[in-house]
**Q** 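Encoded as structure tokens, here's the structure I'll be asking about.
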Amino acid sequence: MMTDKSAYTASELLAVMSARLLDDGQIVFAGVGIPLLAVTLAQRLHAPSLTILFEGGVIGPFVVPGELPPSTNEQRCTRKANMVLPITDVMLLLQRGYIDIGFMGGAQIDRYGNLNSSFIGDPDKPKTRLPGTGGGNDISSLTNMIVAMKHEKRRFVPEVDFVTSPGFLSGGTSRADAGLVTGGMFRVVTDLALMGFDGENRQMKVLALHQGVSRDQVLNNTGFDLAFDDELTETEPPSADELAVLRKLDPEQLYTA
Amino acid sequence: MMTDKSAYTASELLAVMSARLLDDGQIVFAGVGIPLLAVTLAQRLHAPSLTILFEGGVIGPFVVPGELPPSTNEQRCTRKANMVLPITDVMLLLQRGYIDIGFMGGAQIDRYGNLNSSFIGDPDKPKTRLPGTGGGNDISSLTNMIVAMKHEKRRFVPEVDFVTSPGFLSGGTSRADAGLVTGGMFRVVTDLALMGFDGENRQMKVLALHQGVSRDQVLNNTGFDLAFDDELTETEPPSADELAVLRKLDPEQLYTA
Amino acid sequence: MADRLQVKPYLDLRAETQARDRGLHEKVMSLEEAAALVHDGDHVAIGGCTMSRTPMAMIWALIRQGRRNLIASRSIMSNEGDLLLASGVSSHVVTSWFSQGIVWGISKVMRLHVETGKARFDEWSHMSMGLRYRAGAMGVPFLPTRSMMGSDVGKRAESETREMTCPFTGDQLVLLPALNPDVAIIHVQRADSYGNAQIDGLPFMDMDIAMAASKVILTTERLIDNAQIRRAPDRTRIPFFTTDAVVEVPFGCAPHECYGTYEPFFDQMNDYAKLVSADPDKGAARYLKNHFYDTATWEDYLERFGTAAMLDASRRGRSIYDD
Amino acid sequence: MADRLQVKPYLDLRAETQARDRGLHEKVMSLEEAAALVHDGDHVAIGGCTMSRTPMAMIWALIRQGRRNLIASRSIMSNEGDLLLASGVSSHVVTSWFSQGIVWGISKVMRLHVETGKARFDEWSHMSMGLRYRAGAMGVPFLPTRSMMGSDVGKRAESETREMTCPFTGDQLVLLPALNPDVAIIHVQRADSYGNAQIDGLPFMDMDIAMAASKVILTTERLIDNAQIRRAPDRTRIPFFTTDAVVEVPFGCAPHECYGTYEPFFDQMNDYAKLVSADPDKGAARYLKNHFYDTATWEDYLERFGTAAMLDASRRGRSIYDD
């Protein structure tokens with residue numbers, strides 16, 4: 001089932017690798033784009049009773065191939081859903097503890113898994129005002145997170161300019177000390193590698209490299225010291241089967257170009 | 001429009017006198033029994049845009065003559081209603097301030113308008129355990145109250161055994177001091193008289209006597225000193241019209257026997 | 001046992017919830033199997049209100065199975081509360097009002113058990129019951145309110161509430177402790193086999209108790225296909241992942257009502273009232289024997305009411321849609 | 001102006017609410033009449049979310065009437081937010097996310113106004129926005145949450161929130177201040193002339209903002225008879241007594257979507273994005289001139305999109321019911 005690397009895009013790689021992290025029966029709070037694709041892919045392949053939630057207020061929809069929703073708040077998100085409910089109530093499911101995984105993309109991440117989607121530069125005089133948190137802050141405050149993003153030095157920074165969505169804050173017990181007693185970063189998936197977080201100091205570390213990727217390549221694309229797990233492995237490349245299902249979901253490559 | 005006194009029951013007198021206290025356009029939180037009859041009567045006579053709310057979660061129903069609901073929580077309460085909603089949310093309308101009047105019956109009342117529907121005797125070793133507050137505590141804590149009840153010495157006591165629904169507590173500013181900064185007792189309607197509360201000391205006082213009722217008759221049926229307003233008046237007896245509509249509403253005298 | 005009503009530590013609540021099977025799969029079972037999910041000592045929240053959407057069939061099964069020491073909470077209790085006390089299933093109720101219904105006066109069964117100290121009746125205001133369940137549903141330890149102050153209802157609950165001065169406004173507030181029941185038992189008009197439920201008419205506190213509880217048992221008038229649920233997702237009131245059991249039980253509230261399906265069986269409610277009024281102890285025992293212990297199936301139970309009563313209650317129930 | 005976002009003193013809130021006309025009577029009026037109920041400086045809460053059920057027709061009317069200094073709050077802002085900033089109607093937004101939509105990248109109009117300091121963008125988490133409206137709807141000064149801690153989003157809002165140690169559990173909590181908007185503008189699928197509204201599909205935060213606001217303006221795809229409302233009272237989402245104006249406006253969200261009625265006009269959204277991407281200042285001005293200032297009626301506005309686009313959006317909108 002080996003696949004030629006040039007046979008898939010970086011986004012497709014992200015989607016497939018992320019999908020493999022999800023287990024059957026889980027309830028996953030997903031953003032649009034790669035997260036939605038990955039969750040749907042998992043559902044179609046190995047996790048048929050996995051449930052998708054959207055922050056617009058949707059429980060357990062059936063995403064229709066070729067009709068991917070443009071955000072988590074349009075009627076396309078509700079196709080064959082089991083339930084729709086007010087935004088506040090769907091967010092409260094996170095606080096109540098019904099959700100297994102929050103899954104989103106990231107613009108900027110640091111060594112402790114903190115995400116920034118609010119400001120580039122000084123927040124009081126920003127170089128760039130980004131769109132903001134949306135549900136990101138709530139999701140990352142209240143459940144376990146998977147983040148899928150491109151592996152670039154400008155995105156993997158030592159310290160984010162602004163913590164929009166809390167990871168492990170300044171590491172160690174700082175997250176729980178701040179009052180966030182549950183959840184936290186679980187995995188970061190990029191086009192180069194699969195990362196987790198150290199159980200003690202809570203710093204990001206590489207768990208597995210994608211096929212053909214070297215340690216140096218990862219380090220050169222990361223803005224901070226990144227440890228490698230003692231039991232570093234290599235991921236299996238996307239299978240023809242995984243790619244086929246994925247391409248059926250997004251035939252126009254809206255999110256996988 | 002004078003009517004022979006023997007031509008109506010005490011309950012009918014209560015319903016008619018209470019109905020007259022309601023203005024068009026008001027939103028009234030009503031219990032079943034006399035309150036419901038009185039509110040419906042007002043709606044049919046002089047207050048067509050008055051709205052009834054039931055604590056079961058009903059906004060603006062149309063009560064069908066001869067099909068009076070047995071409690072505020074059955075489907076009969078929802079006939080032609082404008083909205084039904086969860087109990088907690090209909091109660092919260094009181095807290096938010098949308099309600100003009102709360103209207104209920106009473107088992108026991110004291111000089112400050114405190115109502116007891118929980119215990120006769122010592123609460124820790126009660127002679128009688130009554131059904132309890134239901135929404136009474138919330139309604140009387142959060143809006144202006146009308147209470148309709150029979151005028152009997154055992155019901156009009158100096159101090160209730162237990163404050164289930166707060167009136168003016170121990171009088172003066174004690175209600176606001178306890179944190180209840182809005183609402184309070186507005187009127188008590190009995191088969192003998194119409195009572196209000198003094199603006200300063202907050203004690204109950206007679207505003208008007210029903211036709212043919214003497215001051216002594218009221219005092220003899222009241223367990224505490226009851227003042228009479230300087231401008232004491234006499235109420236007009238129920239009109240034939242009022243009685244006709246009322247009897248159409250409750251043809252089997254479920255609540256007006 | 002009082003511990004079960006204290007605010008559940010958040011990490012315990014989260015761990016319990018995470019340990020639950022929340023996947024999309026079939027949960028249809030018998031009344032008996034579902035009742036076995038309730039354990040002695042559990043805090044059981046009962047759906048509906050007074051005589052409406054009372055999960056009577058589940059109560060029938062719990063009484064028949066001889067469950068003990070349940071703490072029973074409900075918005076308002078009617079005579080299902082009598083039966084829980086009289087059968088010995090519960091001696092601790094938490095509610096805002098307890099009697100069969102206003103037209104029948106004060107429950108003599110409740111009086112007997114509470115006045116003799118055999119049972120404990122914790123009284124909270126109606127809104128407070130709702131806010132306590134809602135806090136539990138939201139995953140917060142309390143919700144603030146402007147009610148339950150000044151009165152003896154508030155004072156009597158003082159050991160369980162907290163007073164607070166609002167840091168924004170200086171207002172006096174009462175903090176109501178969250179309720180996260182061990183089990184919620186709820187009757188609905190329609191549910192699918194995964195436990196997605198639709199509710200017609202008055203929803204009472206049912207969505208909140210489902211969300212707050214650690215386990216949810218649904219009884220339903222009709223079992224419908226998941227495709228029907230998915231065709232109108234904005235009508236779903238309880239999502240499958242809160243649900244642990246689904247039991248199809250027609251007339252599952254009898255002699256109480258199920259909105260749009262049947263009204264209360266008034267004659268039977270009158271009969272019950274007369275029976276326990278004459279002698280609360282023996283009357284309730286006789287009712288329990290006739291209607292609960294001596295009925296091997298739910299169909300036997302319904303048979304006691306008779307076909308004419310069922311047809312009459314149904315006709316009245318459906319009439320809400322005649323307008 | 002910042003005062004308008006502070007927690008409203010309870011006695012003021014009560015007095016304002018009591019002074020409102022809450023009787024059951026007709027409130028149908030024109031877009032222009034309804035827009036006149038909004039005053040300069042008001043805090044206006046906008047219903048819907050991103051491109052869904054945006055009350056675009058009311059925004060069109062407010063922009064045309066040259067309203068000034070509005071504080072605009074919403075769950076998530078799409079390009080209606082651009083237009084409020086670019087037209088000068090608002091220079092202060094309160095939301096959790098602000099850009100046309102993920103597929104179009106970051107809003108250059110928002111960036112222009114916020115980065116140059118012309119506009120203020122208060123960022124709250126999505127759940128926090130919802131809980132703030134809900135606190136306002138419940139008549140409490142705050143609601144507690146376990147979110148907005150540790151992060152800079154929380155720190156930046158610190159002057160408006162309070163930290164608290166739970167008196168029951170010792171948990172750290174954040175107290176979110178209630179929002180009681182001066183006006184809520186909400187678009188729905190159906191409403192009667194009294195202002196009872198039904199909402200299909202995603203309800204977003206609309207019930208809470210209606211309940212929290214001091215004034216509610218409803219625009220509706222269809223005006224229906226009160227008898228229809230009363231036939232299905234369990235489908236009413238906003239009760240008449242909160243409502244001050246009802247305006248029938250077909251395609252009242254265009255080019256955004258209205259659940260089950262029309263999907264977004266994607267081509268038109270693309271055109272807009274291209275226009276403001278090339279030059280956020282002049283692009284937005286041109287769009288406002290063409291689609292807002294030069295269209296005398298809502299029908300003129302719709303004409304700019306064209307019949308084919310309307311039919312296409314409708315076909316896609318209705319398709320949700322094909323399943």
**Q** For Pro264(D) versus Glu74(A), what's the shortest heavy-atom pair and its separation?
**A**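 That would be CG-CG, 4.3 Å.
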**Q** With only heavy atoms counted, which part of Leu130(A) is less than 4.5 Å from chain D, the side chain, the backbone, both or neither?
**A**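 Both the backbone and the side chain of Leu130(A) come within 4.5 Å of chain D.
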**Q** State, to 0.1 Å, how close Thr164(A) and Ser151(D) come at their nearest heavy-atom pair, and which atoms those are.
**A**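 Shortest heavy-atom contact: O-CB, 3.9 Å.
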**Q** With side chains defined as the heavy atoms from C-beta onward, is the minimum distance between Thr88(A) and Met205(D) less than 4.5 Å?
**A**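 A side-chain contact under 4.5 Å exists here.
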**Q** Write down the atom of Val163(A), the atom of Asp152(D), and the distance for their closest heavy-atom approach.
**A**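 So the minimum-distance heavy-atom pair works out to N-OD2, 2.6 Å.
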**Q** To the nearest 0.5 angstrom, please state how far the CG atom of Leu131(D) sits from the CD1 atom of Ile87(A).
**A**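 Going from CG on Leu131(D) over to CD1 on Ile87(A), the span is 11.5 Å.
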**Q** What part of Met51(D) gets within 4.5 angstrom of chain A, counting heavy atoms only: side chain, backbone, both, or neither?
**A**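 Backbone plus side chain of Met51(D), per the 4.5 Å heavy-atom cut-off to chain A.
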**Q** Looking only at atom types and distance, does a side-chain atom of Asp138(A) sit under 3.5 Å from a main-chain N or O of Ser125(D), one as donor and one as acceptor?
**A**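 It does not hold such a pair.
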**Q** Can you tell which part of Met148(D) gets under 4.5 Å to a heavy atom of chain A, answering side chain, backbone, both or neither?
**A**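 Answer is both: backbone and side chain atoms of Met148(D) are under 4.5 Å from chain A.
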**Q** Specify which of Gly201(D), Gly317(D), Gly101(D), Gly117(D) makes the most heavy-atom pairs with chain A at under 4.5 Å.
**A**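 Highest number of pairs under 4.5 Å: Gly317(D).
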**Q** Does Gln75(A) reach the side chain of Leu202(D), with side-chain heavy atoms less than 4.5 Å apart?
**A**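 No, too far: nothing below the 4.5 Å cut-off.
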**Q** For the CG atom of Leu92(A) and the CE atom of Met127(D), what is their distance to the nearest 0.5 Å?
**A**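 Those atoms lie 5.5 Å apart.
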**Q** Below 4.5 Å from any heavy atom of chain A, which atoms of Ser75(D) appear? Answer side chain, backbone, both or neither.
**A**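 Contact with chain A is through the side chain of Ser75(D) alone.
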**Q** Measure distances from Phe121(D) to the heavy atoms of chain A and classify the residue's part below 4.5 Å as side chain, backbone, both or neither.
**A**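 Its backbone and side chain both get close to chain A.
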**Q** Between Tyr255(A) and Val103(D), which heavy-atom pair has the shortest distance, and what is it?
**A**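 The answer is OH-CG1, 3.8 Å.
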**Q** I'd like to know if Glu123(D) and Arg129(A) make a salt bridge, using a cut-off of under 4.0 Å between side-chain N and carboxylate O.
**A**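 Looking at Arg129(A) together with Glu123(D), the answer is yes, because their closest N to O distance falls below 4.0 Å.
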**Q** Check whether Asp122(A) gets within reach of chain D through its side chain, its backbone, both or neither, counting any heavy atom under 4.5 Å.
**A**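 No part of Asp122(A) comes within 4.5 Å of chain D.
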**Q** Is it the side chain or the backbone of Arg134(D) that comes within 4.5 Å of chain A heavy atoms, both, or neither?
**A**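 For Arg134(D), the side chain is the part near chain A, not the backbone.
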**Q** When you check the gap from the basic side-chain N to the acidic O, do Arg79(A) and Asp322(D) get nearer than 4.0 Å?
**A**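 No salt bridge links Arg79(A) with Asp322(D).
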**Q** Taking side chain as everything from C-beta outward and backbone as N, CA, C, O, which of these in Thr116(D) sits under 4.5 Å from a heavy atom of chain A? Side chain, backbone, both or neither.
**A**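 No part of Thr116(D) comes within 4.5 Å of chain A.
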**Q** So for Lys125(A), is it side chain, backbone, both, or neither that comes closer than 4.5 Å to the heavy atoms of chain D?
**A**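 No part of it gets close to chain D.
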**Q** Using heavy-atom distances under 4.5 Å, tell me whether Arg156(D) contacts chain A through its side chain, its backbone, both, or neither.
**A**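 Answer is side chain: those atoms of Arg156(D) sit under 4.5 Å from chain A.
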**Q** Give a yes-or-no answer on whether the side chains of Ser147(D) and Gln95(A) include a donor-acceptor pair shorter than 3.5 Å.
**A**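 Checked: Ser147(D)/Gln95(A) side chains show no N/O donor-acceptor pair below 3.5 Å.
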**Q** Determine the minimum heavy-atom distance between Ala176(A) and Gln172(D), stating which atoms define it.
**A**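 Reported closest heavy-atom pair: O-OE1, 4.3 Å.
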**Q** Given that the side chain runs from C-beta out, which part of Ala107(A) has a heavy atom under 4.5 Å from chain D: side chain, backbone, both or neither?
**A**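 The answer is neither part of Ala107(A).
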**Q** So which part of Trp104(D) gets closer than 4.5 Å to some heavy atom of chain A, the side chain, the backbone, both or neither?
**A**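 Contact with chain A is absent: no heavy atom of Trp104(D) under 4.5 Å.
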